[in-house]
Amino acid sequence: MNNTRPYRGKILWVDLSTGAFREEIIPDEIYRQYLSGLGLATYILYRDLPPRADALGPENILGFVSGMLTGTRSLFTGRWIAVARSPLTGTWGEANCGGRFSPAIKQCGYDGIFFTGISPKPVYLYVDNAGPKLLDASDLWGQETYATEEALQARSPKGQKPAMACIGPAGEKLSLISGICHDLGRFAARAGLGAVMGSKRLKAVVLAGSWPIGCADPVTMERLSKRCASYYQARIPMPGSKVLPYLGAFVNKFPLGFPIDGMIEVLVFKKWGTAGTYQMAVEWGDAPIKNWAGSNKDYPIPVSAGVDPDKVLEKEERKYACYACPLSCGGICKFGPEGREAHKPEYETLMAFGGMQLNTDLETLFEIHDRLNRAGMDSISAGATIAYAMECFEKGIITIEDTGGIDLRWGQARASLALLEKMIDREGIGDLFADGVKKACERLGGRGSEGAIHAGGQEPAFHDSRLDPGFALHASIEPNPGRHTSGAQIYYEMYRLWRRCKSLPKPPLLYSKKSKYHTSPVMAQKAVAISCYTQLYNAAGLCFFGALLGTDRLGFFEGLNAALGWDLEPEAYLEIGKRIQTLRQMFNLRQGVDPKSIRISRRLLGLPPQKEGANKDRTIALDGMLHDYYQAIGWDPETGIPLAETVAALGLSGQERAA
Amino acid sequence: MTHSITTKCTGCTACLKICPVMAIDGERKLLHIIDPALCIDCGACGRICPVDAVDDTLDQQIFHTRRTQWLKPVVKALKCISCMVCLQSCPVNCLDWGTPDLKSHRAIPVLHLPALCIACEFCAQACPVEAIEMLVPELPTPNQG
């Protein structure tokens, strides 16, 4: 093994139909163009996935990739990404997760593992230093995720602690909102990739390699990591969570906008995890209430206090950090009368089943969270789908007879759990809702479509574009639509890219809040920079929360040069991000997806505008933003198709599939 | 070039037994060999070899050390950021989380199974913040031998 190089230079192909393995050597030139991680995955899938491939058919390729910086002594770089054509959206599909699976891929000697075909019987892949094996998983089929991981751990050699990714019953039953579970409750949840794994009858991937990972300049990397860690080691006393909603309300009421610094995230996440933002987000206007139709007036502070972050923290037994993470936003909690252990629920899960449905019963929210994790279902999509079901119930589109006796009124947490059980089992009305809001709406004959909130088929996470129109823009223009981590205006402020890229504008100290809702060339430039940076850090395996600290504090570009022994300017790295972004768009076009068909639901654009609350009277002129974004990145402003000159400049011409 | 076994090998099988990735093959009293495709260069074979028959990656001879004198990782609590990198890099899984601090809920890694440690230093080399020091244990316990 080359211990001065952070990448392995090869990937593993597994044909599940035949059980055959193949190693492919990846030329250095490909890493130069795409890095590893998301970049490498985009290159492979674009090259090898046939046009208009059936997402649940044997031709779809399911990949697991590590990040370029993973294992190089860098911090925040333990993210792995699952990729495939998404059965939920039909577009490029990717889902990102932490834990320790990313270094485990590299420790097995690969930068990525790619699956094709469909196995005749349930199997799992086991890889150690001796190589890969496909083993029978018939006895595991039907098992929940925790039971699967525990069974696989039990059959591992004594003393070995392999990293695992597996699906639960939701993925096996091809729920289009199922995800891939890792480390007893971390999830690559989005884009329905659990269903792709289920369609291939691949129950789990178990990685037990132990090769060390290289780095060109470990001394510089260590210096950068120590500097980055110092932001997290500072002992800053924090108040109780009671002040947080008032902080959110203050920012909302303040007449002007101002850049938000990532240190806020450090302080809040370090103490509470993402749950810390729960009440603050409601009052700020960031959180959707009552399936995006309500506001903080429907879920006031005394009510949202049912999910007070301090109450969540009371259940925490110990912190959980992903590989190479100095933040530890995760935690292991105990809940219920038996004191069951579960990962601390994230903000998204709590809001999906809390504010979105007007629930406040924290104990039941923990149960729902645990049930989702065991079944292997995406909490964002599942919560949004049940919120849609509640709206349909309120409007009389579905009745208590249809639901099999479940009283789906708002604020009935036990009813949420009951419907979730049916969705997981695909039983009765649960089958109708088991594939997300878009499918559910189609099955209801399009009734209540104004409440079926999605972008390109995927339910957006719970950050309101009426507060930050960047969420609507990026949910609509990204090749994997409906994702909240893809981009937002606030991310530009927190990424602090202007500190390293002098061509990018520094945000003013104060600005008019109204300016956020109208497009401008500068805004488009910022949005493109966010897109390119997002693809770049996903190629590096960087965590989104690391990115929020700011690229200068993180030492991200310097870290890439230190790991790789290169001497590239930040702008050149962003060009790699642009290449990945453009190739993902070309992937969608190859798969027959019209970029203009991907639009976030009108309700999230303030159409009609809200009559009260934190986002009162706010509407977004999305079309102009899309036009300007396409133009700024070098895609056709009308169609969203990358222009020939852009494709040529990025070196993407002639990438057609050899076959 | 990975570690390799020289003709001084007496076939005592000590290296074969300690290799964490089963990269060494050989019959008792016969010359052993290291499979370069499997070797992770941890160096344990060289430290354990009683006749100094192992060369490292630079073809330098490794000298035998009594196992009680092998360096062991000591985690410096004030520097450690609890990032799990050392745990994941350990080829023998001898590190594990210690007891979480009651106030911060944070745990730091400890040498949970010192008898398994092979002094490869992978944990110290991988640590992003230099929080692991490799030291000779002051008071070796009987099961470390």
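Numbers restart at 1 for each chain; the letters A, B, ... are given by sequence-line order, proteins then strands. Computation of the quantities below employed the complete heavy-atom set of this structure, encompassing side-chain atoms and omitting hydrogens, waters and symmetry-equivalent molecules.
Both the backbone and the side chain of B/P128 come within contact range of chain A, each with at least one heavy atom under 4.5 Å from a heavy atom of that chain. Using a 4.5 Å cut-off between heavy atoms, A/L224 does not touch chain B at all. Looking at A/Q107, the atoms closer than 4.5 Å to chain B (heavy atoms on both sides) all sit in the side chain, from C-beta outward. Both the backbone and the side chain of A/Y323 have a heavy atom closer than 4.5 Å to some heavy atom of chain B. Of the two parts of A/L327, only the backbone, made up of N, CA, C and O, holds a non-hydrogen atom closer than 4.5 Å to a non-hydrogen atom of chain B. For A/A104, the parts sitting under 4.5 Å from any heavy atom of chain B are the backbone and the side chain alike. At a 4.5 Å heavy-atom cutoff, B/C94 makes no contact with chain A through either its backbone or its side chain. Only the backbone of A/C322 comes within contact range of chain B, with at least one heavy atom under 4.5 Å from a heavy atom of that chain.
For chain A, the option among B/A131, B/S104, B/S89, B/A126 with the highest count of heavy-atom pairs below 4.5 Å is B/A126. When each of A/Q160, A/K226, A/K271 is scored by its heavy-atom pairs under 4.5 Å with chain B, the top score falls to A/K226. Counting heavy-atom pairs under 4.5 Å between each of A/G209, A/A229, A/G159 and chain B puts A/G159 at the top. Among A/P103, A/A130, A/S225, A/A163, the residue making the largest number of heavy-atom pairs under 4.5 Å with chain B is A/S225. Ranking A/E317, A/R73, A/R223 against chain B, the residue ahead of the rest is A/R73, based on heavy-atom pairs under 4.5 Å. In terms of heavy-atom pairs under 4.5 angstrom with chain B, the leader among A/Q233, A/R318, A/K161 is A/K161.
Here the side chain of B/Q61 pairs a donor or acceptor atom with the backbone of B/D52 at under 3.5 angstrom. Without hydrogens or angle criteria, B/R47 side chain to B/R66 main chain gives no donor-acceptor distance under 3.5 Å. Using modelled atom types, no side-chain atom of A/R79 and backbone atom of A/S66 make a donor-acceptor pair closer than 3.5 Å. With A/D310 contributing its side chain and A/G240 its backbone, the two residues share no donor-acceptor pair below 3.5 Å. A/K106 places a side-chain N or O within 3.5 Å of a backbone atom of A/G67 that can act as its donor or acceptor partner. Distance alone, capped at 3.5 Å, places no donor-acceptor pair between the A/T274 side chain and the A/E346 backbone. Listed for the A/W211 side chain is a donor-acceptor partner under 3.5 Å among the backbone atoms of B/C39.
Here the closest heavy-atom approach between residue A/W80 and residue A/A188 is recorded as CH2-CB, 3.8 Å.
You'll find the side chain of A/S156 reaches within 4.5 Å of the side chain of A/P162, heavy atoms only. Within the 4.5 Å cutoff, the side chain of B/P137 has no heavy atoms near those of the B/T68 side chain.
Using a 4.5 Å heavy-atom cut-off against chain A, the contacting residues of residues 73-87 of chain B are B/L78, B/K79, B/C80, B/I81, B/S82, B/C83, B/M84, B/V85.
The number of heavy-atom neighbours closer than 6.0 Å to NE2 of B/H112, taken from other residues, nucleotides and ligands shown, is 12 or below.
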Taking distance alone, no hydrogens or angles, what donor-acceptor pairs closer than 3.5 Å link side-chain atoms of residues 11-32 of chain B to residues at least two apart or in another chain?
from, atom 1, to, atom 2, distance (Å)
B/T13, OG1, B/K17, NZ, 3.3
B/H32, ND1, B/L30, O, 2.8

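Judged by the 6.0 Å and 45° rule, A/R8 forms no cation-pi pair with A/Y110.
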